2 protein chains.
Amino acid sequence: MTERPFHHGNLRAELLERAEIMLRQRGVDELSLRELAREAGVSHGAPRTHFVDRRALLDALAVRGFERLSASMQASGSREPDDHIAGLTASAHAYVEFATGDAALLEVMWSAVKEKDAAAEVLAAVGQFFATVEAQVAAGIASGSLIGHDVERMTLLISATMHGIGAFASAGRTTPEQNDALIDDAIAGWSA
Amino acid sequence: MTERPFHHGNLRAELLERAEIMLRQRGVDELSLRELAREAGVSHGAPRTHFVDRRALLDALAVRGFERLSASMQASGSREPDDHIAGLTASAHAYVEFATGDAALLEVMWSAVKEKDAAAEVLAAVGQFFATVEAQVAAGIASGSLIGHDVERMTLLISATMHGIGAFASAGRTTPEQNDALIDDAIAGWSA
DNA sequence: ACCTGAACACCGTTCAAGT
DNA sequence: ACCTGAACACCGTTCAAGT
């Protein structure tokens with residue numbers, strides 16, 4: 001039985017890991033820094049070294065979330081390099097899947113963006129998300145498979161629609177089959 | 001200077017009123033039952049008589065919110081009795097306006113719906129909201145101005161899109177002009 | 001029926017002190 | 001540089017007691 005060393009060594013990463021799980025199981029409201037510290041076996045003051053306050057932890061979770069979401073959407077979309085509509089549809093599915101699988105995290109992500117003085121890393125992360133959608137939209141418009149010439153406007157519309165479908169899905173107001181149908185309907189409306 | 005009577009007489013209504021204001025000014029996280037009681041000039045235990053717990057207060061706020069939102073959308077939509085597309089557009093504008101003017105309340109509303117064991121009144125209220133959208137969608141489809149024959153599917157899609165645009169708008173990611181454009185683009189895609 | 005006020009268990013945050 | 005542990009101010013919730 002080696003004694004616990006004074007330095008945890010990996011506390012920041014462990015706190016983020018545990019926080020993501022706690023978020024998934026019990027939601028934001030139940031996410032407590034003190035409980036996290038307890039589970040990690042450190043004193044309640046320890047997290048302070050890595051996260052100045054609760055919001056800093058949530059911001060870090062938001063950044064990781066956007067990175068994972070963007071990567072997932074990019075991967076899904078690029079599996080259809082020739083069919084931009086199919087790529088966008090796959091990307092939208094990835095968003096909705098994230099929304100149902102990590103509903104609380106997605107809430108944390110968007111509310112981190114919404115803060116008046118949102119952290120720079122958070123803004124960068126959400127920017128990366130929009131850039132991912134925009135790239136697919138731009139390709140679709142350029143190839144003539146997507147209507148509209150204003151890329152930004154189309155990016156916002158498609159992002160907003162994905163967001164809305166994801167919200168309803170995670171609220172349990174739609175079945176997975178309905179989600180698929182909604183995504184198809186939405187994108188069909190904007191296909192050239 | 002008459003002394004404060006033992007019975008407040010109107011505590012439930014006052015708490016709801018103050019809570020809505022507090023929500024608008026400082027968000028859900030800052031909404032405290034104790035502070036509300038303090039402001040109303042009653043003891044911290046007093047709210048208990050009217051709301052068993054914090055969630056019961058939020059549920060009541062959600063119900064009121066859905067009622068107000070539905071009424072506003074219905075009013076906006078019915079100002080265009082002959083043009084169902086214009087009616088739906090006006091209704092969508094009302095939603096987005098609510099989303100920007102009462103962002104925190106709208107969050108409370110949807111998260112009340114999302115609770116595992118959501119209160120019956122909350123479910124009834126959100127049902128009323130969907131019924132409002134559905135009536136407009138059904139009229140649009142029946143008159144041939146809106147594509148699609150599946151009313152439920154179209155209702156979900158339009159609701160989800162409004163929700164998404166409202167979320168982006170309240171997050172400050174879009175300007176009012178962009179919101180108008182997004183709503184027009186969305187509905188244009190579904191017009192026959 | 002409605003409200004008071006003490007009590008309890010939990011927070012987030014701060015900060016001197018230890019390693 | 002990282003962590004401990006006491007201290008502080010704040011919660012939500014419970015409940016006997018008062019009107």
Side-chain angles (χ1 to χ4, degrees), chain A residues 2-23 25-62 104 107-108 111-112 115-119, chain B residues 2-23 25-62 104 107-108 111-112 115-119:
Chain A
T2 69
E3 251 197 52
R4 168 181 305 286
F6 180 78
H7 274 261
H8 179 283
N10 208 19
L11 185 56
R12 198 191 129 94
E14 184 176 349
L15 289 173
L16 286 172
E17 216 55 59
R18 286 187 185 278
E20 244 178 57
I21 295 166
M22 210 183 262
L23 214 47
Q25 292 175 339
R26 290 157 50 194
V28 216
D29 293 348
E30 307 275 358
L31 186 69
S32 139
L33 280 176
R34 285 179 105 110
E35 187 177 352
L36 237 34
R38 241 177 279 133
E39 284 188 354
V42 294
S43 78
H44 68 258
R48 184 72 201 283
T49 312
H50 306 283
F51 305 103
V52 273
D53 55 18
R54 199 183 115 105
R55 191 182 145 190
L57 172 70
L58 295 180
D59 280 349
L61 289 170
E107 266 174 45
V108 167
S111 84
E115 294 287 337
K116 283 168 190 274
D117 52 342
Chain B
T2 69
E3 249 197 54
R4 167 182 306 288
F6 181 78
H7 273 260
H8 179 284
N10 208 20
L11 187 56
R12 199 192 128 94
E14 185 176 350
L15 289 173
L16 286 171
E17 217 54 59
R18 287 186 184 278
E20 244 179 57
I21 294 167
M22 209 183 261
L23 214 47
Q25 292 175 339
R26 290 157 51 194
V28 216
D29 292 348
E30 307 277 356
L31 187 67
S32 139
L33 280 178
R34 286 179 104 111
E35 187 177 352
L36 237 34
R38 241 177 280 134
E39 284 188 354
V42 294
S43 78
H44 67 259
R48 185 71 201 284
T49 311
H50 306 283
F51 305 103
V52 274
D53 55 18
R54 199 183 115 105
R55 191 183 146 187
L57 171 70
L58 294 179
D59 281 350
L61 289 170
E107 265 174 46
V108 167
S111 85
E115 294 287 336
K116 282 170 191 274
D117 51 343

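Numbers restart at 1 for each chain; the letters A, B, ... are given by sequence-line order, proteins then strands. A quick note: this is a predicted structure, and the numbers were derived from the prediction, not measured.
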- [ ] Please report the shortest heavy-atom distance between B/S43 and B/P47, naming the atom on each side.
- [x] O-CD, 3.5 Å
- [ ] Nearest whole angstrom, please: distance from the P of D/dC10 to the CG of B/L36.
- [x] 16 Å
TODO: Report the distance from atom CD of B/E30 to atom C1' of C/dC11, rounded to the nearest whole Å.
DONE: 14 Å
Open item on the list: Nearest 0.5 Å, please: how far is CG in B/L33 from CZ in B/R38?
Closed with: 11.0 Å
Open item on the list: According to salt bridge (Lys or Arg N to Asp or Glu O under 4.0 Å), who are the partners of A/E39, at least two apart in sequence or on a separate chain?
Closed with: A/R18
What are the atom names and distances for every N/O pair under 3.5 Å that joins the protein to nucleotides 13-16 of chain D?
{"from": "D/dT13", "atom 1": "OP2", "to": "B/R54", "atom 2": "N", "distance (Å)": "2.9"}
{"from": "D/dT13", "atom 1": "O4", "to": "B/R34", "atom 2": "NH1", "distance (Å)": "3.1"}
{"from": "D/dT14", "atom 1": "OP2", "to": "B/R48", "atom 2": "NH2", "distance (Å)": "3.3"}

TODO: Would you give the length of the straight line joining atom CE of B/M22 to atom CG of B/L15, rounded to the nearest 0.5 angstrom?
DONE: 9.5 Å
TODO: Look at B/T49 and C/dA1 and indicate whether a side-chain polar atom (N or O) is within less than 4.0 Å of OP1 or OP2.
DONE: no
TODO: Figure out the CG/P separation between A/D29 and D/dC11, and round it to whole Å.
DONE: 16 Å
Open item on the list: Expected output check: what is the dot-bracket annotation of DNA chain C, where ( ) and [ ] are pairs inside the strand (brackets for crossing ones), | is paired with another strand, and pairs are Watson-Crick or G-U under 3.5 Å?
Closed with: ||.|||||...|||||.||
TODO: Figure out the CZ/P separation between B/F51 and C/dC2, and round it to whole Å.
DONE: 12 Å
Task: side-chain contact (heavy atoms from CB on, under 4.5 Å) against B/A104, all qualifying residues, sequence neighbours excluded - done: B/L23
Return a table of donor-acceptor pairs under 3.5 angstrom between the side chains of residues 50-57 of chain B and protein atoms on other chains or two or more places apart.
{"from": "B/D53", "atom 1": "OD1", "to": "B/R55", "atom 2": "N", "distance (Å)": "3.4"}
{"from": "B/D53", "atom 1": "OD1", "to": "B/A56", "atom 2": "N", "distance (Å)": "3.0"}
{"from": "B/R54", "atom 1": "NH1", "to": "B/L31", "atom 2": "O", "distance (Å)": "2.3"}
{"from": "B/R55", "atom 1": "NH1", "to": "B/D117", "atom 2": "OD1", "distance (Å)": "3.2"}
{"from": "B/R55", "atom 1": "NH2", "to": "B/D117", "atom 2": "O", "distance (Å)": "3.0"}

Open item on the list: Just the rounded figure in Å: distance from P of D/dC10 to CD of B/E35.
Closed with: 10 Å
Open item on the list: Under 4.0 Å, counting only non-hydrogen atoms across every strand here, what does A/R12 touch: a base, just sugar-phosphate, or nothing?
Closed with: nothing
- [ ] Just jot down the side-chain contact (heavy atoms from CB on, under 4.5 Å) partners of A/S32, sequence neighbours excluded, or say none.
- [x] A/R34, A/E35
Task: Nucleotide C/dG12, atom P - distance to CG of A/L15 in whole Å - done: 12 Å
Task: Side-chain N or O of B/R38 closer than 4.0 Å to phosphate OP1/OP2 of D/dC11 - done: yes
TODO: Mind checking the CG-CD1 spacing from A/L16 to A/I21? Nearest 0.5 Å is all I need.
DONE: 11.0 Å
Task: Phosphate OP1/OP2 of D/dC11: any B/S32 side-chain N/O under 4.0 Å - done: yes
TODO: Take the protein atom NE2 of A/H50 and the nucleotide atom C1' of D/dC3, then report the distance between them rounded to whole Å.
DONE: 8 Å
